[in-house]
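Some notes on the structure that comes next.
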Amino acid sequence: MSVVSLLGVKVLNNPAAFSDPYNFEITFECLEQLQKDLEWKLTYVGSATSSEHDQELDSLLVGPIPVGVNKFIFEADAPDLKNIPQTEILGVTVILLTCSYDGREFVRVGYYVNNEYDSEELNADPPAKPVIERVRRNVLAEKPRVTRFAIKWDSEESAPAEYPPEQPEADALDDDGDAYGAEEVELENALIKELEDADGQNGEREAGEDHEMDGGENTAGVVEDDVSDVGSEDLEAESSDDEEDDDEEEGGEEDVEMGDDAGAPQQPPHQTEVMAH
């Protein structure tokens, strides 16, 4: 069972200029007193072909954490253009919002981001050298991909099992490896189509979950990384009962859909603004 549960993330300035900072309003619930701070990070994926262009835009320690529902604002700088290949400044990429406790990551939220010019003329005939002042970013913030991981918190009892429980009945089942592969291809194609649809209205690469991620032509690797071979699945915003059942699975990880506003549980009357430092 996770001691800290992410309830919602709002992208506050969206769309925005490429060079504007990112601003998120993050709401989470803490079920028991924690001995240490939470560490939040925002990473920008600078290339679809190599992780060496990934940039950590900012990190933030939040604490001490009171028990209950907490909310804070996370602001991170725009990416450094010197670390992004010039050919990949425009188009679809991904940002990853992660949270760790005592060096152990327990939740990751991935958003697709579409960078394009602010005029149809420039988009139709882009200059050889990108004109950054005219580039605007659009974070597809409606249904990001959220991945949760079981970790050890302050007590040894909270640590996930080292090995999954034995399931002898599973040996009798047919090999479904081919089926998983087919599902991944189907999911990837669906994501690509969604991105194309969103791009036609003002539309955006990798994995995580508060919204439905759309895949561009450079995002296939991202989607495959996020669709786990061990059987993780995407679900539309689940009830709190379902989330509790998932949290009780030992040593596992899960992918669920978290609606930006509608998917978050109804806020209790009291909310605490936690200190970020």
Side-chain angles (χ1 to χ4, degrees), residues 2 4-30 34 37-46 54-66 68-80 84 92-101 105-115 135-149 198 202-214 222 226 237 255-268 271-277:
S2 181
V4 175
S5 298
L6 182 63
L7 300 183
V9 179
K10 292 182 182 179
V11 184
L12 298 181
N13 56 336
N14 188 52
F18 182 90
S19 56
D20 285 350
Y22 289 85
N23 285 281
F24 300 91
E25 181 185 87
I26 300 172
T27 306
F28 65 92
E29 183 177 19
C30 184
L34 295 175
D37 295 343
L38 298 176
E39 183 178 22
W40 296 83
K41 293 182 181 180
L42 184 66
T43 301
Y44 184 90
V45 178
D54 291 359
Q55 298 182 47
E56 183 180 309
L57 301 184
D58 208 344
S59 63
L60 187 70
L61 292 176
V62 177
I65 308 295
V69 175
N70 302 276
K71 182 170 63 176
F72 71 100
I73 302 298
F74 182 19
E75 179 174 315
D77 293 333
D80 186 347
I84 304 175
V92 178
T93 188
V94 163
I95 54 173
L96 297 173
L97 177 66
T98 63
C99 189
S100 302
Y101 182 71
E105 180 182 328
F106 65 90
V107 66
R108 176 184 303 174
V109 185
Y111 296 93
Y112 283 110
V113 181
N114 188 41
N115 299 313
V135 177
R136 291 184 65 78
R137 68 165 187 256
N138 182 24
V139 180
L140 299 187
E142 296 174 0
K143 292 183 180 179
R145 174 77 60 83
V146 176
T147 304
R148 296 182 175 90
F149 307 92
N202 239 345
E204 6 164 336
R205 156 188 125 70
E206 209 212 313
E209 114 185 311
D210 201 296
H211 111 174
E212 184 109 343
M213 306 293 280
D214 304 328
V222 175
D226 199 54
D255 288 349
V256 300
E257 295 291 344
M258 181 177 69
D260 189 34
D261 286 318
Q266 187 140 24
Q267 301 301 318
Q271 245 182 28
T272 304
E273 299 285 345
V274 291
M275 292 185 60
H277 52 92

Nearest-0.5 Å distance, CD of residue E39 to CD of residue E105: 10.5 Å

Parallel, tilted or perpendicular, as decided by the 30° and 60° cut-offs, for the rings of F72 and F28: perpendicular

Verdict with reasoning, V62 to W40, per side chain to side chain contact (heavy atoms under 4.5 Å, CB included): CA-CA 8 Å; V62 177; W40 296 83; 3.6 Å; yes

Validation row: E56, T98 side chains within 4.5 angstrom (heavy atoms): no

Test side chain to side chain contact (heavy atoms under 4.5 Å, CB included) applied to F24 and V139, N14, I95, the passing residue: I95

Y22 side, atom OH; L57 side, atom CG - distance, nearest 0.5 Å: 6.5 Å

Verdict with reasoning, I65 to L38, per side chain to side chain contact (heavy atoms under 4.5 Å, CB included): CA-CA 8 Å; I65 308 295; L38 298 176; 4.2 Å; yes

Heavy-atom check, side chain of T27 versus side chain of L6, under 4.5 Å: no

Interatomic spacing from CG in N23 to CZ in F74 - rounded to 0.5 Å: 10.0 Å

N/O donor-acceptor pair under 3.5 Å between E75 side chain and P21 backbone: no

Atom pair OG/CG of S19 and D77 - distance to nearest 0.5 Å: 11.0 Å

Which atom of A76 lies closest to which atom of D58, heavy atoms considered: CB-CB, 3.6 Å

Side-chain (S59) to main-chain (K41) donor-acceptor, under 3.5 angstrom: no

Flag, side chain of R108 to backbone of F149, donor-acceptor distance under 3.5 Å: no

Distance-minimising heavy-atom pair for D80 and I84: O-CG1, 3.7 Å

Any I26 side-chain heavy atom under 4.5 Å of L7 side chain: no

Exam field: side chain N70 to backbone G68, donor-acceptor pair closer than 3.5 Å: yes

Sidechain-backbone polar pair: R148 side chain, V107 backbone, donor-acceptor under 3.5 Å: no

Spacing of Y111 atom OH and L42 atom CG [to the nearest 0.5 Å]: 9.5 Å

V113/N138 under side chain to side chain contact (heavy atoms under 4.5 Å, CB included): CA gap, chis, key distance, verdict: CA-CA 6 Å; V113 181; N138 182 24; over 6 Å; no

Nearest-0.5 Å distance, NZ of residue K10 to CD1 of residue I73: 9.0 Å

Minimum heavy-atom distance P66-C30, with the two atoms named: O-CB, 3.7 Å

